[in-house]
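Read through the structure below, which is laid out as structure tokens, and then see the notes.
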Amino acid sequence: MPAAGAAAMSPATISAVLILGDDAYLVSEALAKALSGIDPLSVEELNGAEDGDRVLSALESTSLFGGRRAVVVRSVDESGADLPRRLAAYLKDPNPDCLLILTSAKPLAALAEAVRKAGHVVEAAKGRRQDVFMWLRDKSRERGLRLTGDAPNALLESVGEERMALAQALEELSLALGPNANVTREAVARQFRGRTQSNAFAFLDAVTTGQTGTALVAMRQLVDHGEAPQALLGMLTRQLRLMIEVGNGPPAKVAKALGLHPFRAEKLVKFAAGYSPPALALAFREVADADRRLKAGEESDELALERAVIAVSGLRRPVGATSGRATGLR
């Protein structure tokens, strides 16, 4: 919930936004809203592992393109105590030409209080099952759909409780049924019959396009149907290695050089464009580290794979970014 008095602050005047929660869809939605009106070329992305000096230096920089800048620091709760403390101190006298956007899966009381004084805190937690139902009905109405009877339960049974997967399912139902349609349990069953037979290509595509929720649902479905987590991790490793090799393309050259089908080459180039080169290298290291933990028995196979999926999809640039935009992974 926004802090008291925050409603009087316009997006152009606030200095900070803290997106607090663990729901990937809600975090993504809140981030896009916070960045509304800011030129994508004036957005710099960092993560909680960054050195504090690097973050503060970014906050004091000016835009090369004019207008306001934004610095996004993801997973600030993973940085230890130093960075949140320094950011809270910075917010006592923030740079008026820069918007600081933070994401955190855990409550950070002192930092949250500092953010409220300079902007607002947005809740993005998964919440209870009832919260998911309420969200599902609201999103259905936005798309001109009316969920009737047991349709909400049928949707959750078909695609899971991740909001990203549910949003995608609603979009699909909207296209299939048309405007102002009533969605029944039978309609859901027809639309998503056999959907649990998720294939590995859909899983890989979801991971490398930043669809965290969809990727996790596909992962669990594959594992439930007998696919070994280590095998899926190996597929993801190969996908990332190919994305590193294809670089910026062009697809025709990539297809010839790597012996890939042109359609596959085009998709890989598109996927690779969603990451800065350092972010893609870091994604590869995340998967390699997950493989090490899995083989060493430090984590269960499924947990190691799940952590790798979240890390890789989270490193992708937000929707709307271009290959030339600044990122904090340099």
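The chain is numbered in sequence order, starting from 1.
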If you define the side chain from C-beta out and look only at heavy atoms, does anything of [X] sit under 4.5 Å from [Y]?
X: Lys92; Y: Lys117; answer: no
X: Asn95; Y: Leu59; answer: no
X: Leu173; Y: Leu145; answer: yes
X: Glu78; Y: Asn47; answer: no
X: Thr214; Y: Phe203; answer: no
X: Arg69; Y: Val43; answer: no
X: Gln239; Y: Leu268; answer: yes
X: Val115; Y: Leu108; answer: no

So, the side chain of [X] versus the backbone of [Y]: is there a donor-acceptor pair under 3.5 Å, distance only?
X: Tyr275; Y: Val312; answer: yes
X: Arg116; Y: Val121; answer: no
X: Thr148; Y: Val183; answer: yes
X: Ser61; Y: Ser57; answer: yes
X: Thr103; Y: Ser75; answer: yes

Looking at [atom1] of [X] and [atom2] of [Y], how far apart are the two atoms once the value is rounded to the nearest 0.5 Å?
X: Leu102; Y: Leu83; atom1: CG; atom2: CG; answer: 8.0 Å
X: Ile19; Y: Leu31; atom1: CD1; atom2: CG; answer: 5.0 Å
X: Leu56; Y: Leu87; atom1: CG; atom2: CG; answer: 6.0 Å
X: Met219; Y: Asp224; atom1: CE; atom2: CG; answer: 9.0 Å

Hey, is NZ on Lys139 packed in by over 12 heavy atoms from elsewhere, all under 6.0 Å? yes

A quick test of your reading: do over 12 heavy atoms of other residues, nucleotides or ligands sit less than 6.0 Å from CG of Asp93? no

Does the side-chain contact (heavy atoms from CB on, under 4.5 Å) test come out yes or no for Asp301 and Val223, once each step is laid out? CA-CA 10 Å; Asp301 293 6; Val223 171; over 6 Å; no

Which pair of heavy atoms, one from [X] and one from [Y], lies closest together, and at what distance?
X: Lys267; Y: Asp205; result: NZ-OD2, 2.6 Å
X: Asn153; Y: Asp150; result: ND2-OD1, 2.9 Å
X: Ala125; Y: Leu26; result: O-CD1, 3.5 Å
X: Ala16; Y: Leu91; result: CB-CD2, 3.7 Å
X: Leu166; Y: Leu155; result: CD2-O, 4.2 Å
X: Leu170; Y: Ser140; result: CD2-OG, 3.5 Å

Step-by-step salt bridge (Lys or Arg N to Asp or Glu O under 4.0 Å) determination, Arg307 to Glu286: CA-CA 9 Å; Arg307 287 182 60 186; Glu286 290 280 0; over 6 Å; no

Determine, stepwise, if the pair Val246 / Phe271 fulfils side-chain contact (heavy atoms from CB on, under 4.5 Å). CA-CA 10 Å; Val246 302; Phe271 294 163; over 6 Å; no

When you look at Glu306 and Arg220, which way does the salt bridge (Lys or Arg N to Asp or Glu O under 4.0 Å) test go after all the steps? CA-CA 9 Å; Glu306 182 175 285; Arg220 289 169 188 142; 3.0 Å; yes

Please evaluate residues Thr237 and Asp291 with respect to the criterion side-chain contact (heavy atoms from CB on, under 4.5 Å), reporting the C-alpha separation (whole Å), side-chain torsions for both, the decisive distance (0.1 Å), and the verdict. CA-CA 9 Å; Thr237 301; Asp291 184 62; 5.7 Å; no

Applying side-chain contact (heavy atoms from CB on, under 4.5 Å), run through Glu60 and Tyr90 and close with a yes or a no. CA-CA 10 Å; Glu60 296 297 345; Tyr90 158 81; 3.6 Å; yes

For Glu302 and Ser300, run side-chain hydrogen bond (donor to acceptor under 3.5 Å, both in side chains): C-alpha distance rounded to whole Å, both residues' side-chain angles, the deciding distance at 0.1 Å, then the answer. CA-CA 6 Å; Glu302 189 169 347; Ser300 69; over 6 Å; no

Under 4.0 Å between a side-chain nitrogen and a carboxylate oxygen: does that hold for Asp131 and Lys126? no

Working for salt bridge (Lys or Arg N to Asp or Glu O under 4.0 Å), residues Arg285 and Asp289: CA-CA 6 Å; Arg285 289 199 297 274; Asp289 190 54; over 6 Å; no

